[in-house]
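Structure first, then comments.
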Amino acid sequence: MTGRRHIASAFIVAALILCGFAQATTAHAQSSPPPGASMPSSDAERALAAQHPREWANLTPDQRERVLENYRRWQSMRPEDRQRVQQNFQTFRNLPPEERKRVLEGLRRWRQLPQARRDELQHDYARWRGLPPDQRDRMMKQYQQFEQLPPAQRQRMMANWHRWQQMTPDQRREARRRLGLSRPHPPQP
């Protein structure tokens, strides 16, 4: 796996994992926690807090609640899911510091997206993951080629793509015809 692909995969996986946590955090932030909600409610949760007494004492009630929500989610995960999360975390930890910083910045931006946009991106990612590996590889190579272009050329390509997205199907057909990209239609029976 190439460095960029490895980083992209780590970012995507981290974003999707943390998205679930971010959704829970968003829902929690919209309603005030009930009294005592940030207190451990099981022996396992009390043990977690007891293992790190200074850190636990320095957390705000909202932070404690978030830790407990994440811990409960962790406890409810299947062993293979836990292993995958641990592997992804280790991948993240093995990234050079500047790459980890980029991943964290991406996660910060992810959390700021409206929920509808996050849902759309998750849907697109699931669709991408469902593509055959050779098609995904081809798309990654095209993206890497795009990334290598000079900034002015990338900007022109993006502007053209945005114009294309705004066109009606008839306008697109006409543009293809003018550019000589239209395919001849098979004769009608």
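Since the model is a prediction, treat every value here as computed from it, not as a measurement.
No more than 12 heavy atoms of other residues, nucleotides or ligands sit less than 6.0 Å from atom CD of Gln155.
Interatomic distance, Asp81 CG to Arg73 CZ, rounded to the nearest 0.5 Å: 12.0 Å. Gln87 CD to Arg84 CZ: the interatomic distance, rounded to the nearest 0.5 Å, is 8.5 Å. Here the CD-CG distance, from Gln86 to Asn88, works out to 10.5 Å after rounding to the nearest 0.5 Å. Note that CD of Gln144 and CG of Asp137 are 9.5 Å apart. Values are rounded to the nearest 0.5 Å. Atom CD of residue Gln142 and atom CD of residue Gln145 lie 7.0 Å apart, to the nearest 0.5 angstrom. For the atom pair CG of Leu104 and CZ of Arg109, the computed distance is 11.5 Å after rounding to the nearest 0.5 Å.
Shown here for Val85 and Met77, the closest heavy-atom pair between the two residues is CG2-CE, 3.4 Å. Residues Gln75 and Arg82 share a closest heavy-atom pair of O-NH2, 3.1 Å.
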- [ ] Show your working on side-chain contact (heavy atoms from CB on, under 4.5 Å) between Met139 and Tyr143 and close with a plain yes or no.
- [x] CA-CA 6 Å; Met139 291 173 76; Tyr143 175 73; over 6 Å; no

Task: Verdict with reasoning, Leu121 to Trp110, per side-chain contact (heavy atoms from CB on, under 4.5 Å) - done: CA-CA 10 Å; Leu121 290 171; Trp110 172 263; 3.6 Å; yes

- [ ] Just do the side-chain contact (heavy atoms from CB on, under 4.5 Å) check on Trp56 and Gln51 with the steps written out, would you?
- [x] CA-CA 9 Å; Trp56 185 259; Gln51 285 176 335; over 6 Å; no

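Remark: Arg46 engages Asp43 in a salt bridge (charged side-chain N to carboxylate O under 4.0 Å, His left out) (not counting sequence neighbours). The side chain to side chain donor-acceptor pair (under 3.5 Å) check on Arg100 picks up nothing, with sequence neighbours excluded. Taking Glu80 as the reference, Arg78 meet the side chain to side chain donor-acceptor pair (under 3.5 Å) condition, with sequence neighbours excluded.
Note on Glu99 versus Arg102: salt bridge recorded, some NZ/NE/NH1/NH2 to OD/OE distance being below 4.0 Å. Ion pairing between a basic and an acidic side chain is recognised when a charged N comes within 4.0 Å of a carboxylate O; Arg72 and Glu69 show no such pairing. Between Lys101 and Glu98, none of the side-chain N atoms (NZ, or NE/NH1/NH2) sits under 4.0 Å from a carboxylate O, so this pair counts as no salt bridge. Taking the charged nitrogens against the carboxylate oxygens, Arg64 and Glu45 have no contact shorter than 4.0 Å, which rules out a salt bridge.
For the salt bridge (charged side-chain N to carboxylate O under 4.0 Å, His left out) condition, the pairs that include at least one residue of residues 125-134, sequence neighbours left out, are Asp124-Arg127.
For the 3.5 Å distance criterion, the side chains of Arg118 and Gln122 fail to qualify, holding no donor opposite an acceptor.
The closest side-chain heavy-atom distance from Asn58 to Gln63 is not below 4.5 Å. The shortest side-chain heavy-atom distance between Glu105 and Arg108 falls under the 4.5 Å cut-off. The shortest distance between side-chain heavy atoms of Arg173 and Arg176 falls below 4.5 Å. The shortest distance between side-chain heavy atoms of Gln135 and Arg138 falls below 4.5 Å.
In this structure, Met158 belongs to a hydrophobic cluster whose other members, linked by side-chain heavy atoms under 4.5 Å apart, are Phe146, Leu149, Met157, Trp161. In the hydrophobic clustering, where aliphatic and aromatic side chains (Ile, Leu, Val, Met, Phe, Trp, Tyr) are joined below 4.5 Å either directly or transitively, Met167 groups with Trp164.
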